[in-house]
Each structure stands twice: as C-alpha cells, then as structure tokens.
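Take a look at the structure set out below.
Residue numbers begin at 1 in each chain, while the letters A, B, ... track the order of the sequences. Any value given below was found using the heavy atoms of this structure, including those in side chains, with hydrogens, waters and symmetry copies removed.
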Amino acid sequence: MEIDPFIFRLSIFILSIFIGYYVVWSVTPSLHTPLMSVTNAISSVIIVGAIIAALAGSSESIFNTSSIFGFIAIVLAAINIFGGFLVTQRMLQMYKKKKDKKK
Amino acid sequence: MISANLAAIFYLVSGILFILALRGLSSPDTSRQGNYLGIAGMIIAIVVTFLSIGNFSTSLVYVIIFLVIGGAVGAFIAFKIPMTAMPELVAGFHSLVGLAAVFVAIAAFLNPAAFNLGNVGDIKLASLIEMSIGAAVGAITFSGSIIAFLKLRGIMSGAPITFSGQHILNLLLGLFIFILIFYLCKTQSTNVFWTVIVISFLIGILLIIPIGGADMPVVISMLNSYSGWAAAGIGFTLENTALIITGALVGSSGAILSYIMCKAMNRSFVSVILGGFGADISADDKKEKKDQKPVKSGNAEDAAFLMKNASSVIIVPGYGMAVAQAQHALREMVDKLKKNDIKVTYAIHPVAGRMPGHMNVLLAEANVPYDEVFELEDINNDFANSDVAFVIGANDVTNPVAKTDPKSPIFGMPVLDVEKCKSVLFVKRSLSPGYAGIDNELFYKDNTLMLFADAKKMTEDIVKNLD
C-alpha cells in the first residue's frame, strides 16, 4: 500500500515542532524580543502562497478576485518580511559586550 | 523553470536556514549572523517560487511592484520605530501575518486550480480542511493582535473587559466553527467559508479583550504562536515544506515563550486566557491600608547620597522605565556611579515590561553592555550582599508578599529579593498599587526610601546631584 503524501508532510511538521522546541529553549532570555520579531519575519514566508495566487491571473485579466487577494497578501507579507528582519537587525546591533566599548 | 522536486529541495534548504536563524539567537554574538541566514532563507523561498511558476508575464511586474511597496513600508517602520514601542510593533506584525494567511486561504478557495487543489466547488477534502483551519487561526491572530495592539498603544484601555457568559460564548463560537468547517466540507459553499472567517475574527476580539495590560507578555507570545500555526495550516494546503517547517518553529516558539511568561507569574495559562485579573479590587480597601502605614519618602539628593556611599548597586527596571523613556538617563546615572568605583548590575524579572525581553532591548538601546544585565535566578542571591537596590518602574515583581502571604493573588510568583539589600530606593509616581491591585509591603519597610516622581525626571535629578 502506498503512503499518502500528507503523512510525509505531517512527519515534517511534527519533527519541526521538536526542533523548534529544543532550539527555542536554547535562546537566551535577553534575546526574547528579537526572537519574536524574527519569528514574525520568517512566518511571512507565507508570501510564497500569495505569489502563487497573484500570478494565477491570466494575461487578459491580471486582477481577478482570487489574484487581488494574492496581491494584498503580498503587500502584507512584504511589510512583515522587511520590517521584521530589519528591526531585528537594528535590535541585535545594540547588544554589545563590555569590552567592545573600551576598544 | 525548475521542477517541483527541485523546488521542494530548495524550500527544505530555506526551512533549515530559518532553523539556523533561531539557533543563532542562543547568544548575542551569533545572533546577527543568524539573522542573515534567515534573510537568505527568505530570498531563496521567494526566488524559487518565481522560478517554479515560470510565469514571466506582466503579472510578475505587478507582483514585484507590490513586493517593493510592502517592503518600503516595512523598512520605513523598522527604522523609525522607537525601541519603547516594540511590543506594539510586534503585535501589529502578528496581525499582518494573520491577515496574510486569511487572504492566501481565500485566494486558494476562490481559485483552487492555481494551487493544484481541485476545482471550484470540488476542492480536495484534506485541502479544504487545511485551508479553513489556516484561515480561522489566521483570522483569530489578526483580530486578537489588533486588540493587543490597541491596548499596548493606549488607544484602548488596558483594563480587562469582562461580561457574564463570556467564556461560554467563546466556547460556543469555537464549537460553531468546527461545525461550520464540517458543513463546508460537505457543501463546498462559499458563504459558509466566509462565515467561518467572520466568526473567527469575532473570537479573536472576544479572546483578548478580557486580558489586562500586564498580562500582555503572555498574550503577545500566544499570538506569536497562533501566527505560526496559521502559517503551518496554509503550508499544508500549499504542500510547501518551507511554510510547514516555519509554521511549526514559530508555533512552538510562541508556545514556549507563553509558558515561560506564565511560569514567571506563577499563573496557569488557562487563568491568563480567561482574563479579568486585577479587575475586581475595591478602591476602599486600598485607601484604608494606605492611611495606616507610614512611608519614608526622599528626594534626589538623598538618593544620590545613598548611592555615592554604596559599594554595589543593583538596578531593577520595570515597565515604568519604558513608559517614562528613562533608560538613557539611567545609563548616565550608572556611568557616574561607575566613575566612583561602585559596582552596578541590572536585575531583570522575566515579566518586566510588556513583552518577553522588553527591558533587555531598552537597556541595550541605552548602550548598557549585556554582560551587566542578569536574569532573576542569576542575581537573586546578590541582593543580600548589595548596598542599594534602585527600583525604577517595577512594582509587583519586587513584592515580598509573594513569598510570605499565601492569601495574596501573587503568592508563589518568583520575585526579586530586593528587600534583602541594605537600602532600597523605589522610584514611583505614587503609592498606588501595581497591576495585580495589591499593596507592595516594600513601600513600608524601614530600609525603603520612596522617591515620588516621574522615573526619567528623578533619574536626571539624581545625575545632577551625583556631581
């Protein structure tokens, strides 16, 4: 009997939860705010779905009901991707050790 | 044009890069590199999507235009936002992820052929379930985050909004969603799909309004988790590995943060979600207590004198410091103290502020080296050997009542042992109780000197008096 591909995706999903569990426990508490902003940025990889939806319109009608939702979702996700990564970068730049400033 | 198999492998690579991005956050040294890996993962995912669709018509131009518009807005926000507004920003970003998930689900529902999910009115059963779960969780994330944003921003009062039958209503609405999804699978009706989304928006609002301001660290972490599960739901619909991995990572990350925050308040997750904490304390009770006990209060000069003659000072920042934007003044004060060879460290309670790690970011912004900042369990034993504890904008997290009075609502919550210091300086605007609505015994101790003023102004005055 063949295994449904869904089971493979479910396996990936569950293993990723375990990876997430161990990786996040190792995050130092002082970086919990950057953790939230970067998880925010990466969850916007949902833009992949938005792009597929937006490109599905035919060349005569680029904007149909379905693709319009895709285009709006692209804007929303893009705000998150750029905003999320850049603000994380900005925060991480501020974390300095004592010796750094004496140099 | 690349094959679906090759695309899947690239999505896996991008998922792994996201794991490494989170791994980098285990230390500030590796964190910046981690962030670059995350960006690389995102670029791979987007480029591979373009290549696998292989549609380079005018649509693509529009996609890029919209991408640039969103990117410019995001970049603008990221550079302009003050660090004190970080909790609102994160709440706002969560709402966008939620809404994007809803929109992608709607697009997939209206045009399933584009996603290989069947045809309109005949969508594969599994895909239909996955997309409705993704849309429902996304909608809850969206409206819940909007409420959290309004509360954090102060547009909406931070006080819990409760009414009778609230929890039963939420429960019924939740059950209703399940019934609707079941019905949707049988009928494939567009109207049922819209109803699922509308009711989910409603649940998101109802879920967050009863939760008060200081429970926000839990709320933000929880919404963070939801946004992950929404992304994973969409990932299953699109059969996209990168999205499934990311959704699982973000979902578990938010769940762990919520757990850490609840533990730091010694409250169960359920009690935070049910909300209404600190709402029903009668005003008379508070007044009565205030009149009874004497309080020693001082001014900036007294505080400066005490600290100048100390050999070690521990600073305990809290949400009040963020509100008053006192972190830079505080840093100035610490610099002066250090010139006099006084040892200064910072003690941070896990729930200080309005989101996990809030205080650490503010101190980092004020150029405080991160190796001078300690977590509760690492510094709590040092209070007994220190001369002065400088409490600025924190309250409940220092209340000794949590250790002594089993009847207190915060009993059992881990607190900073501030009272063990030789003397305590407590910067606060008034004697009003903190969020938990209970009096802080610390105010009335013999070794406590209350400094009644705005945190920033008081700190600046102390700086002047240190010369």
Side-chain angles (χ1 to χ4, degrees), chain A residues 6 9 12-13 16-17 19-21 23-24 26-27 29-33 35-40 42-46 48-51 53-57 59 62 65-66 69-89 91-92 94-98, chain B residues 18-19 22-23 25-26 28 31-32 35 38-39 45 49 53 55 57 59 63 66-67 69-71 73-75 77-78 90 93 96-97 99-101 103-104 106-107 110-111 114 224 227-228 231 234 238 242-246 248-250 252-253 256 356-357 360-361 364-365 369-371 375:
Chain A
F6 172 78
R9 286 191 283 277
I12 294 172
F13 179 64
S16 303
I17 292 178
I19 294 174
Y21 180 84
V23 169
V24 171
S26 74
V27 170
S30 67
L31 290 175
H32 275 163
T33 298
L35 171 68
M36 299 198 90
S37 61
V38 83
T39 50
N40 223 312
I42 64 172
S43 55
S44 303
V45 73
I46 202 159
V48 165
I51 293 172
L55 287 180
S59 41
I62 292 168
T65 357
S66 163
F69 278 109
F71 279 114
I72 304 173
I74 287 179
V75 176
L76 298 177
I79 294 177
N80 248 316
I81 292 172
F82 282 77
F85 280 124
L86 289 172
V87 90
T88 308
Q89 193 66 20
M91 277 192 269
L92 294 177
M94 300 185 314
Y95 282 83
K96 290 190 189 82
K97 258 193 191 161
K98 214 181 303 182
Chain B
F18 290 152
I19 295 173
L22 299 193
R23 185 74 185 90
L25 290 171
S26 57
S31 60
R32 277 161 283 231
N35 201 37
I39 296 172
T49 308
I53 300 172
N55 171 358
S57 63
S59 297
V63 167
F66 281 88
L67 195 69
I69 293 174
V73 174
I77 297 173
V90 169
F93 278 168
L96 296 181
V97 177
L99 196 60
F103 284 176
V104 172
I106 294 175
L110 296 177
N111 187 1
N224 185 235
S227 70
I234 302 296
L238 306 183
L243 206 41
I244 294 176
I245 295 177
T246 316
L249 288 178
V250 178
S252 52
S253 159
I256 291 172
N360 302 80
V361 172
E365 188 199 11
Y370 63 80
D371 37 8
E375 303 297 319

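The part of B:Glu375 that comes within reach of chain A is its side chain, from C-beta onward, which places non-hydrogen atoms under 4.5 angstrom from that chain. At a 4.5 Å heavy-atom cutoff, the contact between A:Val38 and chain B is made by side-chain atoms alone. Both the backbone and the side chain of B:Ser26 come within contact range of chain A, judged by heavy atoms closer than 4.5 Å. Only the side chain of B:Ile106 comes within less than 4.5 Å of a heavy atom in chain A; its backbone stays farther off.
Smallest separation of non-hydrogen atoms from B:Gly71 and A:Ala78: N-CB, 3.7 Å. For A:Ser44 against B:Val97, the heavy-atom pair with the smallest separation is OG-CG2, 3.9 Å. Smallest separation of non-hydrogen atoms from B:Leu96 and A:Asn80: CB-ND2, 3.2 Å. Closest approach of A:Ser66 to B:Leu110, counting heavy atoms only: CB-CB, 4.0 Å. Between B:Ala78 and A:Gly83, the closest heavy-atom pair is CB-O, 3.6 Å. Pairing each heavy atom of A:His32 with each of B:Gly357, the nearest pair is CB-N, 4.0 Å.
Per-residue heavy-atom pair counts under 4.5 Å with chain A were compared for B:Leu249, B:Val361, B:Val90, B:Leu67, and the maximum is reached by B:Val361. Listed options B:Leu243, B:Ile234, B:Val73, B:Leu99 were ranked by heavy-atom pairs under 4.5 angstrom with chain A; first place goes to B:Leu243. Of the residues considered (B:Ile19, B:Val63, B:Leu238), B:Val63 shows the highest number of contacts with chain A, using heavy-atom pairs under 4.5 Å. With chain A as partner, the option from B:Ala100, B:Ala114, B:Gly74 having the largest number of non-hydrogen pairs under 4.5 angstrom is B:Gly74. Between chain B and the options A:Gly20, A:Ala77, A:Ser30, heavy-atom pairs under 4.5 Å are most frequent for A:Ser30. Ranking A:Val27, A:Val75, A:Val24, A:Ile42 against chain B, the residue ahead of the rest is A:Ile42, based on heavy-atom pairs under 4.5 Å. Contact count versus chain A (heavy atoms, under 4.5 Å) is highest, among B:Phe18, B:Phe103, B:Phe93, for B:Phe93. Highest contact tally toward chain B, considering only A:Gly70, A:Gly49, A:Ala50, is held by A:Gly49 [criterion: heavy-atom pairs under 4.5 Å]. The choice from A:Phe6, A:Phe71, A:Tyr21 that makes the most heavy-atom pairs within less than 4.5 Å of chain B is A:Phe71. Highest contact tally toward chain B, considering only A:Ile19, A:Ile12, A:Val87, is held by A:Val87 [criterion: heavy-atom pairs under 4.5 Å].
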List the steps and the verdict of side-chain contact (heavy atoms from CB on, under 4.5 Å) for A:Phe69 and B:Val104. CA-CA 7 Å; A:Phe69 278 109; B:Val104 172; over 6 Å; no
*Please walk me through it: do B:Thr246 and A:Ile46 pass side-chain contact (heavy atoms from CB on, under 4.5 Å)?*
CA-CA 9 Å; B:Thr246 316; A:Ile46 202 159; over 6 Å; no
For the pair B:Asn360 and A:Thr33, evaluate side-chain contact (heavy atoms from CB on, under 4.5 Å) and give the outcome as yes or no after the intermediate values.
-> CA-CA 8 Å; B:Asn360 302 80; A:Thr33 298; over 6 Å; no
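Surrounding CZ of A:Phe82 are at most 12 heavy atoms belonging to other residues, nucleotides or ligands under 6.0 Å away. Within 6.0 Å of CZ in B:Arg23 there are 12 or fewer heavy atoms belonging to other residues, nucleotides or ligands. Counting non-hydrogen atoms of other residues, nucleotides and ligands closer than 6.0 Å to CZ of A:Phe13 gives a total above 12.
Summarising the geometry, atom OG belonging to B:Ser31 is positioned 5.5 Å from atom CG belonging to A:Leu31; distances are rounded to the nearest 0.5 Å. The distance from atom CD1 of A:Ile17 to atom CD1 of B:Ile245, rounded to the nearest 0.5 Å, is 12.0 Å.
In this structure the side chain of B:Phe66 never reaches within 4.5 angstrom of the side chain of A:Ile72, judged on heavy atoms. Counting heavy atoms from C-beta outward, B:Ile69 and A:Ile74 have side chains that stay 4.5 Å or more apart. Using a 4.5 Å heavy-atom cutoff, the side chains of B:Asn224 and A:Thr39 are in contact.
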